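Chain identifiers are assigned alphabetically (A, B, ...) following the order of the sequence lines, protein sequences preceding nucleic acid strands; residue numbering begins at 1 within each chain. Being a predicted model, the structure only gives us computed values, none of them experimental.
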2 protein chains.
Amino acid sequence: MSDTADLSSSLEDYLEVIFHLVAEKQVARVKDIAKLINVKNSSVTGALRSLAEKGLIHYAPYDVVTLTPKGKDTAADVVHRHSVLRDFFTHVLAVDAEEADKAACRMEHCISPVILERFVQFSSYINHCPRNSAQWVQGLGFRCRHELSAGSCEKCLAALGTEACPPFSHSEDTPMTTTSLHLLAPGQKAKITKIRAQGEMNKRLLEMGILPGSLIEMERVAPLGDPIQIKIKGYHLTLRKEEAGGIEVELVAPQAAASKP
Amino acid sequence: MSDTADLSSSLEDYLEVIFHLVAEKQVARVKDIAKLINVKNSSVTGALRSLAEKGLIHYAPYDVVTLTPKGKDTAADVVHRHSVLRDFFTHVLAVDAEEADKAACRMEHCISPVILERFVQFSSYINHCPRNSAQWVQGLGFRCRHELSAGSCEKCLAALGTEACPPFSHSEDTPMTTTSLHLLAPGQKAKITKIRAQGEMNKRLLEMGILPGSLIEMERVAPLGDPIQIKIKGYHLTLRKEEAGGIEVELVAPQAAASKP
DNA sequence: AAACAATGTAAGCCTCGCCTAACTTCCTGT
DNA sequence: ACAGGAAGTTAGGCGAGGCTTACATTGTTT
Ligand SMILES: [Mn+2]
Ligand SMILES: [Mn+2]
Ligand SMILES: [Mn+2]
Ligand SMILES: [Mn+2]
């Protein structure tokens, strides 16, 4: 039980996979882990031994794998780093989902706590401040999508040429107002665009009436961001942050909400 | 000469150090590299062999080290990744210089080209769009500095409680308008706050009258961002992007510039 | 109980990245 | 011109990591 030992990137990934499997099926099986990480079974056994040695998983030969409390914390931390980065990449940098996810899973292993914290605050600020930011991020997204593909976007550049900023009001593009449910500020309304949860959790969400297309309103967020309370189809629901994080939404009329006196 | 072989993090760091030494002293010496990376001389020799094998450096036993054209490109790429991340961390996330630099040097090795490109566009957008963004980033910086230290900033939270966004007009803090010289848009004015260049280059800049406190105006930027032309103390200067990147500046009255018709 | 799937063990392979110890080469002062 | 020290090289080794194959064990199903 070598304490406080820092995990290698590889072991963090194993832990992450186990976390997801446990969340979905209660327990993790060697062959499932092997399949997800794309290695042979025996490699998994080795990794499991390491993780057990460090007190992160419950593991006895031929038995299924579960996380210890310590392991659960550590795994949740990895997952957190992963999703903060992924969300920043998709929501702010307008990177496509797959690329964002792969990049996040590489960078999650070398991001420092301070920087991570700032990323979180960044997202939080964006999502709590529609008046200042919605238009701004939208403009950024517009710029990214265009300048990349065309090499340069005449309209943008023309606008930039003037001393003033581009208006970015030409809404022929999907505006960049998608985010994750748990990032909404109380009072904000949004439409669900995609459920990212898998298996078990996905089913539960559907049963609660949470499915793409539904309108939703954030009501309250507990001090630590978990749990959160939302309104959907007239009735109230409480979700865990983890669940809400997997729900992609698109802001509805943020300007209207912000222009109240 | 194993081609297209991807470099390990470690080798990228060696290359980066060599790049800086060459920039400063024309050539790199084993003992200097060893000192900077904090390893023994013999470890450096090993790394140099690898780099030479990959065609990135000119290296013969007992001779000094220089970069091949290919090596120069690769090194410049590493340095680019490093500085894009560092600048984002300091200028946008308001992370302190040392932490930002260390974090950047860890993450530079696992950032993908697409994401990097977006980070660049992000910075560029910020720096070309003072009307939309200056106030916004300023608010973010404010929020970061405070919420972190105090756990929560009453003023911010109070402001956030209202439906509107925090005004962030209480300017008791240094506003977040610092950036790097090469990121200025034509026409923007700024004051030099810090020179980050070392040795030789530092001297050259000083000789040109570029020193902390001077007022500067960006005049033109060549198509690829290099070179750039600035005005300082009434006369015109052309700088390489690399030089300009090491010059930290603080925007002067961006609002005034943006409020022209 | 036999067959079959899942899992575990042992052994080995390879890459890294660093070290020590002993050496060669280079440079510089006398 | 050459001694002596600084700088650099070489060889050898170590330990961690991460993966594989081949074979052994266990558990489950029929
Ligand atoms: Mn990962
Ligand atoms: Mn991940
Ligand atoms: Mn580095
Ligand atoms: Mn670096």
Polar atom pairs between nucleotides 25-30 of chain D and protein, under 3.5 Å, N or O only, would you list them?
residue, atom, partner, partner atom, Å
dT25(D), O2, Y62(A), OH, 2.8

Sidechain N-carboxylate O distance under 4.0 Å for E243(A), R240(A):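 Here E243(A) pairs with R240(A) in a salt bridge, since their nearest N and O are under 4.0 Å apart.
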Salt bridge (Lys or Arg N to Asp or Glu O under 4.0 Å) partners of residues 90-112 of chain A, not counting sequence neighbours, each pair once: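 Pairs touching residues 90-112 of chain A that pass the test: R86(A)-D101(A).
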Residue pairs fulfilling salt bridge (Lys or Arg N to Asp or Glu O under 4.0 Å) with at least one residue in residues 9-18 of chain B, sequence neighbours excluded: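 Output for this query lists E12(B)-R81(B).
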Minimum side-chain heavy-atom gap L56(B)-L7(B) below 4.5 Å: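 Sidechains of L7(B) and L56(B): in contact.
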Note, M107(B) side chain near I111(A) side chain (heavy atom, < 4.5 Å):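 Result yes, sub-4.5 Å side-chain heavy-atom pair found.
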Aromatic ring pairing F88(B)/F122(A), orientation class (parallel under 30°, perpendicular over 60°, tilted between):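 Plane angle between 30° and 60°, so tilted.
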Atom-to-atom span, CG of L48(A) to P of dG17(D) - whole angstrom: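 Taking CG of L48(A) and P of dG17(D), I get 16 Å after rounding.
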Spacing of L51(A) atom CG relative to dG8(C) atom P, expressed in whole Å: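 About 13 Å, once rounded to whole Å.
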Donor-acceptor pair, side chain of K25(A) and main chain of H20(A), under 3.5 angstrom: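 No: the side chain of K25(A) does not pair with the backbone of H20(A).
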Interatomic spacing from OG in S43(A) to CG in N38(A) - rounded to 0.5 Å: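 Rounded to the nearest 0.5 Å, the OG-CG separation comes to 10.5 Å.
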Close approaches to DNA chain C from residues 20-36 of chain A, in residue order (heavy atom, under 4.0 Å):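 Heavy-atom contacts with DNA chain C come from R29(A), V30(A), K31(A).
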Base-contact (B) and sugar-phosphate-only (S) positions in nucleotides 13-19 of chain C, heavy-atom cut-off under 4.0 Å, - elsewhere: ----SSB
Within 6.0 Å of CZ in R29(B), more than 12 heavy atoms from elsewhere: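 Open: at most 12 neighbouring heavy atoms sit under 6.0 Å from CZ of R29(B).
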Any residue meeting side chain to side chain contact (heavy atoms under 4.5 Å, CB included) with S10(B), in chain and number order, not counting sequence neighbours: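 Side chain to side chain contact (heavy atoms under 4.5 Å, CB included) list for S10(B), sorted by chain: S8(B), Y14(B).
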